[in-house]
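What you are looking at is a predicted structure, and each value in this text was computed from that prediction instead of being measured. In the text below, chain A, chain B and the rest are named by the order of the sequence lines, each starting its count at 1.
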Amino acid sequence: MSAQDTFVQRADEALADHDLGRSIRHVTGLLDQRRREASASVPDFEALKDRARSAKLGMLADLEGNLLRFEEKIKANGGHVHWAKDAEDANRIILGILEKSGAKKVVKSKSMATEEIELNHALEAAGVTPVETDLGEYVAQLKGDKPSHIILPIIHMTRQAVADTFNEKIGTHASPDVAQLVEIARKVLRKEFETADAGITGANFGVVDSGALCIVSNEGNARFVTSLPRLHIAVMGIEKLVADLDDLSVFLRVLARSATGQRLTVYSNLIWPGREANDQSGPREAHVVLLDNGRSDLLNSKAAEILACIRCGACLNICPIYKAVGGHAYGGTYPGPMGSILSPALGAKKGSELAGASTLCGACKDACPVKIDIPRMLQYYRTGEKFGKREGLVKGLSFYLFGLLASRPRVFGAFGRLLRTIAPTGNGWIKVGPWLPFGWTRHRTLKLPAKKTFIAQWKEKAGHG
Amino acid sequence: MDDSRGEILDKIRRSRGWLPEAKTLAAALASGAGNHGLTAVELAQRFALEARKIDAEVFEDPTPEAALERLLGLLKDEHVLAWDLDHVDRGVLASASASLEFGKSSDRSRTSLGLTGCDMAIAETGSLVLVAGPGQNREASLICRTHVALVRPSDVVTDLAEALARVDSLGERRAHINIVSGPSRTADIEMTLTRGVHGPKRLVILVADWPRLNKGDA
Amino acid sequence: MRPKKVQLFPTCLVNELFPEVGFDVVTVLKKLDIEVEVPLTQVCCGQPAYNAGYTEDAKKVALNFIDAFEKTEGPIVAPSGSCSDMVAHHLPSLFADDPSLKARAEKVASRIREFSQFLVDDLGVTDLGGKLPASVAYHPSCHLSRGLGVKTQPQALIAGVKGATLNSAENMDECCGFGGSFSVTHDALSGAMLEAKMSCLDKAGAERIVSCDMGCLMHIEGGFRHKDQARKVQHLAQFLAESLR
């Protein structure tokens, strides 16, 4: 984990680690390739994306009504619904449920929402032991590291680093052999599943008209977490609703294809909290915690569209910046393009410099299964309207001068001619080294301004002709 | 807690319409892949084909007898945890395996093979739909190294949308449904695909015209 | 109806640093019997300030752009996907709060055509009759292909030149890392993206690199020159004009 406190510092640190760069580029490249192939294998994937987008935007347009219907349905089924306005609220609610049930050990399946509220810290502080059970999350937890990708949490680690972590933290004698490492995790975590008092998950989708949760996982850990312990708590962002099972089928198709190029995730679990009496092989009690933590503020902003995000990670895998620096450089819970919009808005630490860390190339928007216009929102964050501006005076002053000059053609022309009398001009390029006050010349040679502008030459020609 | 509920709903209610207009879809776009006029037999073949693609071992024996023989071969020396099935006689199962139990496993570390039927099978994706409930314990498809599922051609539906539409009609029976597409997998370490991280390592699917016996026949 | 006359918006980079590209655009258009006018009071569309989030400064500059072009008629042709995307999509949204200004912006926005888009979509031309034996790697600039949706027109024009071949490699559509002021504020990261771009272009193994945006091309050529590696880097208009000589 990085101790640096700005994006540029963390990015520079990541760039210096060439092994990290190579491995992230390799893995994201594979995932992106699989997404492209899987999208191409559906006759009309664009139409499916349109349907997913309109379904999600439709849900958000009446979020209040849909949340109330969802709550009512779960309660009618016999389940418990809680509302948490922020991280503190959510952690207090979860601890309350655990305390009442006397739970001391909790198994968790991968949940970005619980990362967001830093639930593990709150649990540990209250004397409850949390165990992450997604393989990547488990390794990250053992190492004291943060996940760096929302689908592949330890994309930044080699098999050697995983073996070292196991050997150091749980006393194994593992070699860097993936099958062996997976087998170790299977054995250790199986015991944790069997002895845990409660299971905590996120939720990929909440199905309004039936009061069901949908949780997907390839490893099967979410099945154990929601089956073996006597208590299940699901922490779900308030934006995760879909109307019905038919819409759910659309989202499951686009999610798996966009995330890993699979047709469906290995296990898609549908859970009806409150119906525990119908199935003796599951938990005896289930709770749903609906988490706001900045989402309602986002809904009331020009970045509202980001709430349609289904956390597939496709925008990370295609982003040339994520590929170059990885997830830790972003410094928040959610990395990559979607993270640059979400992280500054969710939780207590509002605002960040992440919006500046983009060329607005638009690849994320292309890859997004719900066609979210991330570049537009990055530009909106840059205006400072929502979280204020983070940049120094120099940049502000430069654009003020630019605005002043470039809106006055005669002054602009005169200014240009004046500069040309003192600065070098011509068709050439100059290699000036790193002494200029900005970094361009560390990586590129500088083009000289033309002796005369196009418009000046055009005027002359017109004058002569 | 009630304060938070009111506060959250209030904020949502007060939000201005910042969401972009969703593209109006000219015609209701079908959520499913569509049946393309496949017969029941063709659907079952498609199911087998797709399940193999995601690393399930699928056998389509021509007769129930041949399928039963294959099943009994798989059960040999295994400690079996089974659903309450009407496909096979309990006594036959018990005599073929090292041990046989139903419901929850009494010794999870010993149980080595889970035997289930399925509520539906999905042709488009090669998936199994398993509805948990009386006689259909979750553990049988979860805790063992090997999961054997018995599928009848009549179980096969076209696609996920059709399967979920049928789930809707289960009504009160719905408590927990698992849609299984292949054996458990992870690619968390260097994108190296590995089977069986938490769930079954092997998924064996026996497609046949299994008979419908009275449950619990001895 | 086939237009007879266009207004040229050379864009800042061409005007200040690469005027020869502007004249090559004129050469190509003249070859197709298109008369070219250049509104002399134009400066910039305001994109640098807009992208950086300085909306008020961008508005001032954009207003001058509207002033300069609304007095004229016919298509506005620009040798840049990025500037065309700004005018086509973001100029109207800049003035969303002011109906009369928004209407003026929309009118100008509806006339903007990126150079290759104008040739292929409006004139229906892909073969200008040029000849040039050359193997070309085409860099699809982000705002041209994703912003404007111009994904095939430049390649069609390159393929239309007799003797020219198009070479490609994986990830050709990845950003070069320029991003305007991004290349200054995040110079090391931008430099790493440029490295990836250069290695991708080298994998394509072409003798020239052609694109439709001078920002990307200046960045790419600057990167190769920094390593003392000579590459022929050209705007599409330069390549086409050369094929006509």
* C:F23 versus chain A, the contacting section by heavy-atom distance below 4.5 Å -> both
* What part of C:H89 lies closer than 4.5 angstrom to a heavy atom of chain A: side chain, backbone, both or neither? -> neither
* Structure fact -> Bottom line for C:T55: the part with an atom under 4.5 Å from chain A's heavy atoms is side chain
* **chain A neighbours within residues 61-74 of chain C, where any heavy atom lies under 4.5 Å away** => C:V61, C:N64
* Do you know which of C:D57, C:L189, C:N15, C:V43 has the most heavy-atom pairs under 4.5 Å to chain A? -> C:N15
* **Single hit among A:K371, A:K365, A:R376 for salt bridge (charged side-chain N to carboxylate O under 4.0 Å, His left out) with A:E305** => A:R376
* **Heavy-atom contact with chain A under 4.5 Å, split by part of C:V25** => neither
* **Heavy-atom contact with chain A under 4.5 Å, split by part of C:V21** => neither
* Asked: Can you find a side-chain donor-acceptor pair between C:T27 and C:R245 that sits under 3.5 Å?
  -> no
* To do: Please look at A:T425 and chain C and tell me whether the side chain, the backbone, both or neither of the residue comes under 4.5 angstrom of a heavy atom of that chain.
  => neither
* Asked: Checking heavy atoms, do the side chain of C:E16, its backbone, both or neither come under 4.5 Å from chain A?
  -> both
* To do: With a 4.5 angstrom heavy-atom cut-off, could you sort out which part of A:F7 is near chain C: side chain, backbone, both or neither?
  => side chain
* Give, as side chain, backbone, both or neither, the part of C:L8 having an atom under 4.5 angstrom from any heavy atom of chain A. => side chain
* **Interface moiety of C:Q42 toward chain A, non-hydrogen atoms closer than 4.5 Å** => both
* Run the numbers on A:T453 and A:R420 for side-chain contact (heavy atoms from CB on, under 4.5 Å), then give the verdict. => CA-CA 10 Å; A:T453 65; A:R420 280 177 167 79; 3.6 Å; yes
* Asked: Hey, which residues of residues 21-34 of chain A are touching chain C, say heavy atoms under 4.5 Å apart?
  -> A:R25
* **Test side-chain hydrogen bond (donor to acceptor under 3.5 Å, both in side chains) applied to C:H186 - qualifying residues, sequence neighbours left out** => none
* **Those residues that, when tested against C:H90, pass ring-ring contact (aromatic ring centres under 6.0 Å, His included) (two or more places apart)** => C:Y50
* Asked: By a 4.5 Å heavy-atom criterion (distance strictly below it), what part of C:S82 contacts chain A: side chain, backbone, both, or neither?
  -> neither
* Under 4.5 Å from a heavy atom of chain A, the part of C:M218 involved -> both
* Salt bridge present between C:K60 and C:E56 (N-O < 4.0 angstrom) -> no
* To do: Please state whether the side chain, the backbone, both or neither of A:L448 comes within less than 4.5 Å of a heavy atom of chain C.
  => backbone
